[in-house]
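Sequence lines set the chain letters: A, B, ... in the order given, protein chains first and strands last, and positions in each chain run from 1. The basis for the numbers below is simple: all heavy atoms, side chains too, and nothing from hydrogens, waters or symmetry mates.
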Amino acid sequence: MNIEELIETEQQERERQAGLRNRILCCSVAGCTAAAGSAAIRGSIEAAIQEQGLPGEVEVCGTGCLGLCGHAPCVRSANLNETYHDVTAADAPYLVRGDRSRFEGRTVRDTDAFYAGQCRVVLENAGRVDPERVLDYIAAGGYKGLLKVISEMTPFEVVEEIKKSGLRGRGGAGYPTGLKWELVARQESPVKYVICNADEGDPGAFMDRSVLEGDPHRVLEGMAIAAFAVGATQGYIYVRGESPLAVERVRTAIRQAEREGLLGNRVLDHNFQFRIDVRIGAGAYVCGEETALIASIEGQRGTPRPRPPYPPEKGLWGAPTLINNVETFANIAPIIRKGSAWYASMGTAASRGTKVYALAGRIAKPGLVEVPMGTPLRTILFDIAGGVPAGYAFKAAQTGGPAAGCIPAQHLDVPMEYESLQAIGSMIGSGGLIVVDNSVCMVDLARFFMEFCMDESCGKCIPCRAGTVQMHDTLDRIIKGRGSEADLDLLAELAGLMRATSLCGLGMAAPNPVMSTLRHFKDEYLAHIHEHRCLAGSCTPREEVALV
Amino acid sequence: MRVRTLEIDGQMMTGAPGESIFNVAWNNGIHIPRMCHLGGLTDVGACRLCLVEVEGQSRLLPSCMTPVREGMVVRTNTPALQKHRKLIVELLLAERNHVCAVCVANGACELQDLATSLGVDHVRVRYRHPQCEVDLSHPRFGLDHNRCILCSRCVRVCDEVEGAHNWDIGHRGTNARVISDFGTAWGDSESCTSCGKCVQVCPTGALFSKGASVGEMRKDRSFLKYIVTAREKHQWIR
Amino acid sequence: MDTVKTRLATVWMGGCSGCHMSFLDLDETLLELAAKVELCYSPIADAKEFPEVDVTLVEGCLANREHLAEIRHIRARTKILIAFGDCAITGNITAIRNSVPLGVVLSTAYGDPRFGQTQGVLPVLLDEAMPLHEAVKVDYYLPGCPPSAEKILDLVGSLLAGEPVNGSKRFG
Amino acid sequence: MTDTDRAQRLERVMARHGYSGDSLIEVLHSAQSLYGYLSPKLLALVATKLKLPPSRVVGVATFYHLFALAPKAPHQAMVCMGTACHTAGAPELARVFHDYFPDWQVKVGRCVGCCGLAPMVICDGKPQIRLTPEKLIRQVEDLLQP
């Protein structure tokens, strides 16, 4: 397919879809598919279409994450601009007939707060595009970014455009994406690589997975644009072994893109070649760190390497390597299509654009939401996601998984952006946002994250390998009523050591949940130490063995 | 080949391009603490003991792997660094079972020497007392995991100098262990050439020659420079 | 110089008394020390009750519940408490048993996992032998197995003379 | 699928990667999906074919926790221990297996990414969602019905 054919295909597919009476899109992503049986629902809708003699007029297909994961399975009716949740097979005939009364109390309109409060850029195709049909993606403007880059722009201009957009890395560190691209583009090397970090090991984070399963072509297009800008011809998507559906969807998308000439030797019939292979992670959180990820792609143990040299200079097999997160790549095509000024108009001065959050825990509407950077936490949790269910009280929001901290009630109005969160000892991280209510003990939560880091430490450097064990041991002693105030000083000293001397981000960030809960919930630590009591009442110190 | 001039602990020094801060400091009489670094082996920057402060850098850098740059200003022994190094040694002493009194390497152990030089007179974290194996299956050598600090010198010397790659590291985190061949007994290894280089480079009493009793183990690491120079420069320097 | 002698005590807990032997290796300097010091409590002195003292040298780790009670008793009655020797500081040989559950240790050695733990004759063993500083605040540490006589003199001498305590210290 | 089929398919995977040592993890993934777990014999075969030292192959196989080095029990349960599932009561679910279904091989796993449906357990490949101990017992008993 060359440029003209792409535009032509887009036209044809759009007209075909416009001709339909209705398109029913069933969320075919992780939660809905694997757990809530959305595949069965699609089958029953197919049957209902036949029964009602509407094949060719009403069409059913899969689509990306509609955001209401807590009320899976979800289905969207295209022409009614409505999304229904908790859908069952028995609802199929009503969906096909477009009978809305059936879904009383189970309907979220685009105008309702849940969708109206959002600003969906990365998730724009959710509810419009079937992840397994490249034509759908093209009909929604897919690969137009790549087309524009190849036919109208020079690599330098593409890098400048990304720099001007103000986009920063969505993996958690927030490094300006444009600068990183520039570093790689500047390197003189016959071989360069573009890697998409889809390891997403944070517990409670499912944004990248949903984007990969819901709109894989968007990520491929972003990677191709990046490859053009930095001069790479080979790309890798490093996907977690724990999400086989994502691996399958990405492989299908790559096959389709290669068949349509959107990837491979002559992209869009131009002399730009770019191949993408999938590498499957085998279960190691540390491989989310870029040098450990590179070691894993090289078939080694996933142990990080000291930096400098940084990957843009010397990465995969020693060649200059660009590594960006799934969500970062998912923003590239819209920036190129609609221009950096449009993107920079969203978010705040320091943190441009939007951020996808994976809400979970004690919240009315758990799932995926995308809001401009800088949106206050309260808006996300209470205005968009329906707040904390009746009978529970908000205690804290935990962001960034085991690498970040918690945001207590008094900081509910903090604008969600890089710098403001760092100021209160937390960080955006990948975007996992778990709401914790009063029944959860923060000391136990800190121990849970430390146990996670202890199990996932690669064991190469001493501060992290031995430090996590000692911090976990100390937290365990405190919870079991055998702690002392001196233990709090020991925790602080170990945290200082790990932050200053650990070889990679895992060790540096492992103390964050502990120090953040210590800062905001010190009374719970003291209650465990002095009164052997859990203020939240959830972790009764089972083996409360006081020293005889 | 323009040399790089830089300042380390207030002294002006010069080093060849690409030479590490550690080597330049060492050649000028400043011995930065280290455990996983050993001249002649590629560096991995794992033990974090040789971290130094470099002006203009927000993070501490491993001196063993950081090449000198013109005009660098380096501090190798600030109070903060000493505090970090002491706690790292304490973490090591508590991680496994380092009972110096009954160890073959008593008196000749780099970890013991480092604890002394850093003034570690007690360990503030709780001793873990893990249960670790001792592999005596090799006819001439033994491996005591209680004394292993996972510095990976044995892995590197076996891979780079001998070339047999009998050793590697298995498992992960605090369960990581040095493994031989298929994670099987050292004596049954088909890769091992019994050259004993790993025993000589091991900083503690983990790898030892059989027959050495308490305090009798003496290791000679000078062979490493001798062989590396012989292979690379065809000079046999005694 | 007032002739009030510094009140010294030495205690022998979960250790092999090698440190006390090394203490006796001070040989003739013991006489000089005896002039400045009154040995109020020690395995080598006949005293039943641990009195108020200025300096206590405690050899050996906390291996049983009696040790635990005793160390707290001592801590309350001494101004300066010195962890004397590797066992007191790291658990050393006595703590080698810690990497094996206590029941297994006893059944391996005595054929009965609760050997001596129930008749109320022997003090009940702690699950893990502990260094002193895990139970009480320790003022000075004197590592070594045993610390040499010179090192003991160096530390005790500096304390008596009120000079700062330095001098390199070494395990093993 | 016979053993020769499995051997041929594994050979094809290794050939596709040019028998290069860098493809070790991809090959181990294929080997495990074909044979169920990575037996010593299988690791030896991979080490020989990819011209890698055995200790490196075992080092990699033991680093990643999705690689199984022992045969899997007839019944497999993966209790998701992500943050949302943990705070929603996953530890109690793990205890259900301990008390009621001791012959099941229970693995406490990393976050699977269905946090909206917490707490979650994957029983013999089938995800069970929004669980309580009682509901889990019922679901597992249903699964065990012939």
Side-chain angles (χ1 to χ4, degrees), chain A residues 282-287 291-292 295 300-309 451-474 476-477 482-483 486-487 489-508 510, chain B residues 20 35-36 42-54 57-67 69 78 80-81 83-96 111 123-128 130 149-152 155 168-179:
Chain A
Y285 169 72
V286 71
C287 286
T291 58
Q300 314 254 13
R301 286 165 59 85
T303 55
R305 300 161 185 166
R307 297 169 298 176
E451 185 174 3
F452 179 89
C453 291
M454 179 173 78
D455 289 348
E456 294 295 336
S457 162
C458 82
K460 178 173 181 179
C461 81
I462 300 151
C464 171
R465 179 183 79 227
T468 50
V469 170
Q470 291 292 350
M471 286 189 90
H472 177 265
D473 193 40
T474 309
D476 202 46
R477 258 202 327 274
R482 280 188 264 124
D487 284 331
D489 308 329
L490 180 63
L491 285 174
E493 188 145 357
L494 286 166
L497 175 77
M498 290 168 72
R499 283 172 167 163
T501 66
S502 292
L503 195 153
C504 87
L506 195 154
M508 288 181 224
Chain B
S20 70
M35 201 50 85
C36 66
T42 36
D43 283 301
V44 286
C47 71
R48 316 306 285 166
L49 283 161
C50 76
L51 293 180
V52 289
E53 289 172 13
V54 176
Q57 293 284 343
S58 59
R59 293 207 54 76
L60 302 176
L61 297 177
S63 56
C64 66
M65 292 183 80
T66 308
R69 278 200 324 281
T78 64
L81 289 175
K83 199 180 75 142
H84 290 320
R85 288 168 184 155
K86 251 181 113 163
L87 189 48
I88 287 178
V89 167
E90 289 173 58
L91 285 173
L92 274 178
L93 293 174
E95 185 179 38
R96 298 201 182 171
L111 178 61
V123 172
R124 287 163 289 165
V125 290
R126 293 289 169 103
Y127 282 91
R128 302 292 307 156
I149 59 170
L150 286 168
C151 68
S152 79
V155 176
D168 209 301
I169 294 181
H171 303 284
R172 197 170 66 190
T174 190
N175 304 322
R177 288 288 185 276
V178 169
I179 54 169

Query raised in the report: Relative to chain A, which of B:R59, B:H171, B:K83, B:M35 shows the most heavy atom pairs under 4.5 Å?
Result: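 Of the options given, most contacts go to B:R59.
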
Query - Proximity breakdown for B:D43 and chain A, heavy-atom pairs closer than 4.5 Å - result: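 Neither the backbone nor the side chain of B:D43 comes within 4.5 Å of chain A.
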
Query - Contacting moiety of B:R126, where chain A heavy atoms sit under 4.5 Å - result: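 Contact with chain A involves both backbone and side-chain atoms of B:R126.
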
Can you tell me how far apart [atom1] ([X]) and [atom2] ([Y]) are? Round to the nearest 0.5 Å.
X: A:R465; Y: B:N175; atom1: CZ; atom2: CG; value: 11.0 Å
X: A:L497; Y: B:R85; atom1: CG; atom2: CZ; value: 12.0 Å
X: B:L87; Y: A:M498; atom1: CG; atom2: CE; value: 10.5 Å

Check [X] against [Y] and note the closest heavy-atom contact, atom names and distance.
X: B:M65; Y: A:P306; value: SD-CG, 3.5 Å
X: A:A500; Y: B:H84; value: CB-NE2, 3.5 Å
X: A:G283; Y: B:R172; value: O-NH1, 3.1 Å
X: B:R124; Y: A:L490; value: O-CD2, 4.3 Å
X: B:I88; Y: A:P463; value: CD1-CG, 4.2 Å
X: A:V469; Y: B:R128; value: CG1-NE, 3.2 Å

Against chain B, label [X] side chain, backbone, both or neither, depending on which of its atoms sit under 4.5 Å from a heavy atom there.
X: A:D455; result: backbone
X: A:T474; result: neither
X: A:A486; result: neither

Report task. For chain B, find which of A:P308, A:G496, A:C458 contributes the most heavy-atom pairs closer than 4.5 angstrom. Result ->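 Looking at each option in turn, the highest pair count goes to A:C458.
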
**Report entry** Heavy-atom pairs under 4.5 Å with chain B, option from A:K460, A:R301, A:R305 with the top count
**Finding:**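 Top option by heavy-atom pairs under 4.5 Å: A:R301.
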
**Report entry** For B:A176, all residues meeting side-chain contact (heavy atoms from CB on, under 4.5 Å), sequence neighbours excluded
**Finding:**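 Testing B:A176 for side-chain contact (heavy atoms from CB on, under 4.5 Å), a comparison that skips the adjacent residues, returns B:L150, B:I169.
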
Query raised in the report: Going through the distances and angles, do A:Q470 and B:L91 end up as a side-chain contact (heavy atoms from CB on, under 4.5 Å)?
Result: CA-CA 8 Å; A:Q470 291 292 350; B:L91 285 173; 3.6 Å; yes

